[in-house]
Protein chains: 2
Amino acid sequence: MNETKEKLIKIAISTIQKYGIHGLTIRELGNAVGIKSASVLYHFNNKDGLLNELIKVYNENFFQLLHEIEKKESNPLKRLDDLVSIFESVLDEDKICLCGMLASDNEILDEITKEQTKQFFNDIEKWIEKNLSEHGSNKNLAKIIISSLEGAMLIDKLYNESTRLKEIRVWIKTL
Amino acid sequence: MNETKEKLIKIAISTIQKYGIHGLTIRELGNAVGIKSASVLYHFNNKDGLLNELIKVYNENFFQLLHEIEKKESNPLKRLDDLVSIFESVLDEDKICLCGMLASDNEILDEITKEQTKQFFNDIEKWIEKNLSEHGSNKNLAKIIISSLEGAMLIDKLYNESTRLKEIRVWIKTL
DNA sequence: GTCTATAACCTGATAGAC
DNA sequence: GTCTATCAGGTTATAGAC
């Protein structure tokens, strides 16, 4: 992929994670890489096109991280701990999960972006379930774990702290 | 309070719960009650003024509901179940918790609204803690419970279902 | 209280030159 | 690919009449 386009996507993802979809404007996105808004739209046709592409990049990168966790860590409970660490490092940058933020704006997402957002939750839930099963604990907790992680980031960001994510980390150790 | 003003606040709260802060416009809010945007601003000075007022109304109404639960239900675990029911009825109307939605837009909230949003989470956490303590279970779970509820609404709304809230209901029964 | 009229600004998007 | 120029539409907010 074009280098400029890659930069645009990377910055756009980060901006949405911090400020939401309405906090991302084509003009400012162009400024961030030194090109004009018309040039930004050349790469993506329109804003929905940008969203379509960036969420695919985000999902790929995210599940690449999960794959790396699986390779280096065999203990399923520790894998879940590593998952919490990913979210904590995101929060440390004053961001929340991209798909959590998109979910809060779900009413204005086009179908492609909405489907990709759902796909994120489908896949991460499956990943958590698998690890819960391997550890011998109730895999039905997967939906609660991802829900709590998303909610925790949302609230922790408001307080500018990571108290809730840390509580989840402690809780998961007891499962 | 003025009847028109009450209507405006009620509709504004509901609109934000569905579409977020950017989905609420002064013009459309006026249309909903049959007055012009200038007349809406007469009541609140500006949009921040509207947010300041509506979150106070929301918090008051919400904790009034919790107070009613306490009066009619003495079993602390069943009280938590009733709390889940509140959130489920909100989700049934394609809405999420107002403060969850505001949290997702925290970067553009003025200080008053932000403080009131935090106050909501402080108070509900305290309420959950108290009931967990009375039931004899770990009150440290309060932050996880409210996080999971907020996250569950967010994701369930995306899927147009209440699967995650229902899982939380089942989980709470086991505490 | 509500209105009209309008200001000032920001947004995504397009046409056409280079 | 990137630019300039521009458009059409949306937003909050204000001034002043009724």
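In what follows, every heavy atom counts, from backbone to side chain, and hydrogens, waters and symmetry copies are set aside. Protein chains get the first letters and strands the later ones, always in sequence-line order, with residue 1 at the start of each.
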Among dA5(C), dG1(D), dT11(C), the nucleotide that comes nearest once only the side chain of Tyr42(A) is considered | dG1(D)
How many Å lie between CG on Leu29(A) and P on dG12(C), as a whole number?
-> 10 Å
Find the distance Asp110(B):CG to dT12(D):P and express it as a whole number of Å.
-> 15 Å
Kindly point out which of dC3(C), dG1(D), dC3(D) is positioned nearest to the side chain of Ser39(A)?
-> dC3(D)
In whole angstroms, how far is the P atom of dC9(C) from the CD1 atom of Ile26(B)?
-> 19 Å
State whether Ser37(B) places a side-chain N or O below 4.0 Å from either non-bridging phosphate oxygen (OP1 or OP2) of dC3(C).
-> no
Test: Glu161(A) and Lys166(A) ion pair at under 4.0 Å | no
Compare side-chain N and O positions of Asn45(A) against OP1 and OP2 of dA13(C) and report whether any pair is under 4.0 Å apart.
-> no
Do we see a donor-acceptor contact under 3.5 Å between the side chains of Gln64(A) and Glu68(A)?
-> yes
Nearest heavy-atom contact between Lys18(B) and Lys157(B) is O-NZ, 3.0 Å
To the nearest Å, give me how far apart NE2 (His43(A)) and P (dA13(C)) are.
-> 15 Å
To the nearest Å, how far apart are Lys36(A) NZ and dG12(C) P?
-> 15 Å
Map Ile35(B) and Asn46(A) onto DNA chain C by nearest heavy atom, then report which one ends up closer to the 5' terminus.
-> Ile35(B)
For Lys7(B) and dT2(C), what is the distance between atoms NZ and P respectively, to the nearest whole Å?
-> 10 Å
Among dT11(C), dT12(D), dT4(D), find the nucleotide with the atom closest to the side chain of Arg27(A).
-> dT11(C)
In whole Å, what is the span from the CG atom of Leu41(A) to the P atom of dT11(C)?
-> 13 Å
Is it true that the side chains of Tyr159(B) and Asn122(A) contain a donor and an acceptor less than 3.5 Å apart?
-> yes
Could you check whether Gly34(A) gets within reach of a base, just the sugar-phosphate, or nothing at all, counting any heavy atom under 4.0 Å?
-> sugar-phosphate
Quick one: do Lys72(B) and Asp82(B) make a salt bridge, cutoff under 4.0 Å?
-> yes
Whole angstrom value for the distance that separates P of dG10(D) from NZ of Lys47(B) | 15 Å
